[in-house]
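These numbers were taken from a predicted model, which means no experiment stands behind them. All values below were derived from every heavy atom in this structure, side-chain atoms included, with hydrogens, water molecules and symmetry-related copies excluded. Counting convention: from 1, in listed order, for ligands and their atoms alike.
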Amino acid sequence: MDSRTKGKTVMEVGSDGVAVITLINPPVNSLSFDVLYNLKSNYEEALSRNDVKAIVITGAKGKFSGGFDISGFGEIQKGTRKEPKVGYISIDILTDLLEAARKPSVAAIDGLALGGGLELSMACHARISTPGAQLGLPELQLGVIPGFGGTQRLPRLVGLTKALEMILTSKPVRAEEGHSLGLIDAVVPSAELLTTARRWALDIVERRKPWISSVLKTDKLPPLGEAREILKFARGQTRKQAPNMKHPLMCLDALETGIVSGPRAGLEKEAEVGSQVISLDTTKGLIHVFFSQRGTVKVPGVTDRGLIPRKIKKVAIIGGGLMGSGIATALILSNYPVILKEVNEKFLEAGIGRVKANLQSRVRKGSMSKEKFEKTMSLLKGSLDYESFRDVDMVIEAVIENISLKQQIFADLEKYCPQHCILASNTSTIDLNKIGERTKSQDRIVGAHFFSPAHVMPLLEIVRTNHTSAQVIVDLLDVGKKIKKTPVVVGNCTGFAVNRMFFPYTQAAMFLVERGADPYLIDSAVSKFGMPMGPFRLCDLVGFGVAIATATQFIENFPERTYKSMIIPLMQEDKRAGEATRKGFYLYDDKRKAKPDPELKKYIEKARSMSGANVDPKLVKLSEKEIIEMTFFPVVNEACRVFAEGIAVKAADLDIAAIFGMGFPPYRGGIMFWADSIGSKYIYSRLDEWSKTYGDFFKPCAFLAERGSKGAPLSAPVEQARSRL
Ligand SMILES: CCCCC/C=C/C(=O)SCCNC(=O)CCNC(=O)[C@H](O)C(C)(C)COP(=O)(O)OP(=O)(O)OC[C@H]1O[C@@H](n2cnc3c(N)ncnc32)[C@H](O)[C@@H]1OP(=O)(O)O
């Protein structure tokens, strides 16, 4: 393969007259322009050769195709590649050359047929797959729409309602379901895939099997009036669920055009809309997230050293509270045997009960069988001492945020655990060097910061000190992958990456309400921006105990930029501690539904008088845009510090940390990506102005000041950062 080309296809013509074209572009046989143009020329050759009666398309190494090469969108966005003529691939190649050919084609699908992969197969005249195949059109989650005729052929093969479900949720179906839906013609074992596909193709030639052009099918489409109703409903749902994104609605337009005006018009609309969505900001954000998420496991100096992850056979967890039980649940769900240690029988029973409840909720929802529940629970053993820790490969400490308690635990662990055992802490804020101060095991001390609920939330912040060995990081990255978490490796400091970014967000919100802004308007503006909830609703959810413990760490370590608001401590004094007490910034009913509380004013006024702050008429009347800027620019500022200090190696890691740890909207690409879309100059000038008016909480850090003064991108690599990694 030419080093400049990305992938290829190869064609072999058998003595049976079947030309087998294989897609080759490791690791997932993505459809790069090179692959697609190669496919076209192989196809033309097959059509022109007299010894070819039919064509089979398959993918190399057990994968049909993971879809269009996503990096191609980036090239088009950056202008480094010219987009082909609108409709060239979907209409000229796949519809007019392949589907309308006078020789039939069959797709032989093993493994993946996603996006463009499934679309290519749907342009064939039949599809044979192996039982493990995954079939889906996940394009919307990348900000693009199903192209290559996907919006036209899928509804014609599986019906409009199912097609909408598959497209709008981006979720793939398995081969058996695909078969029952009519998407797949036969499911056969891997070893029989190619022979069955070849025979099927010849049977079509001989008219023993039907020669079906999916794009011309109409039998699965509902009558026009019904189709319009279904699409109207889908539009309503989409507007509610994805209010800040245009591309799902544009996709529905392409589907509707095909149903109302016929498949040719539908293909043209799909091509037109498909080309427009590539330049949407939300699409740029989502594509950035796709690659950044996969990039977090590439840690310079660690994962490029050829280290092989060691096998972790048994894990111990200390503390069966909310975090410990969640982590235990995540581990046993991925078949790790776990010992859960508590200080007494009562706490141990409660901890095991929590794990049980986590799994039982899956049984209730039907996603786990009773047998699987029993088997999974059998992996969990309780303990009240360290005796059973003698053969564990990893311990995760998950007790309350108390430094001396953690120090004692780590000193004990050093005595009882084997020499190779990884000693991890789930602390969310405390400096790991302090935790390990009373040990001589600094090279195997690491942070494994899970987010609550740990068996559900996708992020794992892996924190390393200057002493943590690369092997330990590689081991933990492997555990993270096995328990299906997105890991982000960060350096050691108070709050690490996520909580350091989180803190100014809640602080900015407190600052604004003390100066007269309405907390409920702030929550509403932040939710509209795309966060799952606003800062006040979030404080209630997390609970004021945690909020105060975290704030204490920040006040101690970053006093110069901590805004010390008394609102939460005052409410806590009155036994309002958030959702758990049914009273916080909101009041909660039996169903935990939140409603604003007029009494909140009282606490705000008291806090205001204590801090000496005055109501500022400008801040009382903030627009939604200003609310977003005043709450998120301080986050950008802190993210810049984290980046400049080398706590995060890549800006993209902070994007992923913000999305998976804070709930930052993925379609905005993450905190640094979003900041760059606004421009460092503007962010710097706003923060600078606020810091002059309102004080050091808003003061831009040196990194932001330097880049902002030049208008340079904040995500560009830090050249000479003193890396803590
Ligand atoms: C001209 C307009 C055309 C419009 C019509 C068509 C549009 C499309 O087809 S858009 C693409 C649709 N496909 C997808 O969304 C699938 C995306 N990929 C995945 O979901 C997963 O990667 C996977 C399920 C295919 C495999 O998962 P896993 O085994 O966990 O491996 P990784 O996710 O780590 O991926 C390995 C490696 O492969 C790269 N990669 C995966 N898919 C693509 C792709 N479609 N294009 C380019 N590259 C892809 C991924 O980035 C990883 O790369 P490295 O990090 O360098 O190892």
Notebook entry, point to check: How far apart are the C-alpha atoms of Phe73 and Phe291, what are their side-chain angles, what is the distance that settles it, and do they pass the ring pair (Phe, Tyr, Trp, His ring centres under 6.0 Å) test?
Noted result: CA-CA 12 Å; Phe73 293 122; Phe291 288 114; 9.8 Å; no
Looking at [atom], what's its closest protein heavy atom, distance included?
| atom | result |
| --- | --- |
| atom 17 (C) of ligand 1 | Phe290 CE1, 3.5 Å |
| atom 46 (N) of ligand 1 | Ile70 N, 2.9 Å |
| atom 45 (N) of ligand 1 | Phe68 O, 3.0 Å |
| atom 41 (C) of ligand 1 | Val28 CG2, 3.6 Å |
| atom 2 (C) of ligand 1 | Phe73 CE2, 3.8 Å |
| atom 16 (C) of ligand 1 | Gly66 O, 3.4 Å |
| atom 47 (C) of ligand 1 | Asp69 OD1, 3.2 Å |
| atom 25 (C) of ligand 1 | Leu112 CD1, 3.6 Å |

Note to self: Just to be sure I'm reading this right: ignoring hydrogens, which of Gln134, Arg294, Glu83 gets closest to atom 20 (O) of ligand 1? Compare them by their nearest heavy atoms.
What the structure shows: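 Comparing heavy atoms across Gln134, Arg294, Glu83, the nearest one to atom 20 (O) of ligand 1 lies in Arg294.
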With atoms numbered from 1 as shown, which atoms in ligand 1 lie under 4.0 angstrom from a non-hydrogen atom of [X]?
| X | result |
| --- | --- |
| Pro138 | 13 (N), 14 (C), 15 (O) |
| Gly67 | 9 (O), 45 (N) |
| Glu119 | 5 (C), 6 (C) |
| Phe148 | 3 (C) |

Next item on the list: Ignoring hydrogens and angles, state whether a donor on the side chain of Arg153 or Thr95 is under 3.5 Å from an acceptor on the partner side chain.
Entry: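 There is such a pair between these side chains.
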Might you point out which heavy atoms bring [X] and [Y] nearest each other, and give the distance in Å?
| X | Y | value |
| --- | --- | --- |
| Val86 | Glu272 | CG1-N, 3.8 Å |
| Ile167 | Cys251 | CG2-SG, 3.8 Å |
| Lys6 | Asp34 | N-OD2, 2.7 Å |
| Val144 | His247 | O-CD2, 3.6 Å |

Using protein heavy atoms only, decide if any is under 4.0 Å from [atom].
| atom | answer |
| --- | --- |
| atom 56 (O) of ligand 1 | yes |
| atom 31 (O) of ligand 1 | no |
| atom 12 (C) of ligand 1 | yes |
| atom 28 (P) of ligand 1 | no |

Could you tell me whether some N/O pair between [X] and ligand 1 is separated by less than 3.5 angstrom?
| X | answer |
| --- | --- |
| Ser71 | no |
| Gly115 | no |
| Ile145 | no |
| Phe291 | no |

Item checked: Member of Asp475, Ile396, Ile462, Val463 meeting the side-chain contact (heavy atoms from CB on, under 4.5 Å) criterion with Val446 ->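 Only one of Asp475, Ile396, Ile462, Val463 forms a side-chain contact (heavy atoms from CB on, under 4.5 Å) with Val446, namely Ile462.
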Note to self: I'd like to know if the side chain of Ser32 and the backbone of Val35 have a donor-acceptor N/O pair within less than 3.5 Å.
What the structure shows: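 Yes, the answer is positive, given that a donor and an acceptor are paired below the 3.5 Å cut-off.
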Notebook entry, point to check: Given Asn29 and Phe64, is the side-chain contact (heavy atoms from CB on, under 4.5 Å) satisfied, shown in steps?
Noted result: CA-CA 7 Å; Asn29 297 326; Phe64 186 75; over 6 Å; no
Notebook entry, point to check: Considering the options Asp655, Asp653, Thr486, which one meets the side-chain hydrogen bond (donor to acceptor under 3.5 Å, both in side chains) requirement together with Gln293?
Noted result: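 Among Asp655, Asp653, Thr486, the one meeting side-chain hydrogen bond (donor to acceptor under 3.5 Å, both in side chains) with Gln293 is Thr486.
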Check: Lys298: heavy atom below 4.0 Å from ligand 1, yes or no?
Finding: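 It does; at least one heavy atom falls under 4.0 Å.
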Note to self: Could you check whether any heavy atom of Pro27 sits closer than 4.0 Å to an atom of ligand 1, since that is the contact criterion I want to use?
What the structure shows: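 Per 4.0 Å heavy-atom rule, Pro27 contacts ligand 1.
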Check: Parallel, tilted or perpendicular: which describes the rings of Phe33 and Phe68, with under 30° parallel and over 60° perpendicular?
Finding: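 Perpendicular.
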Notebook entry, point to check: When you look at His288 and Phe290, which way does the ring pair (Phe, Tyr, Trp, His ring centres under 6.0 Å) test go after all the steps?
Noted result: CA-CA 6 Å; His288 169 74; Phe290 176 83; over 10 Å; no
Next item on the list: Mark yes when over 12 heavy atoms from residues, nucleotides or ligands other than Lys481 sit less than 6.0 Å from its NZ; otherwise mark no.
Entry: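 No, not enclosed.
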Note to self: Please check if the number of heavy atoms outside Lys246 that lie under 6.0 Å from its NZ is greater than 12.
What the structure shows: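 It does not: Lys246 NZ has 12 such atoms or fewer within range.
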Notebook entry, point to check: Of the backbone atoms (N, CA, C, O) and the side-chain heavy atoms from C-beta on, which set of Leu142 has a member under 4.0 Å from an atom of ligand 1: side chain, backbone, both, or neither?
Noted result: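 Side chain only.
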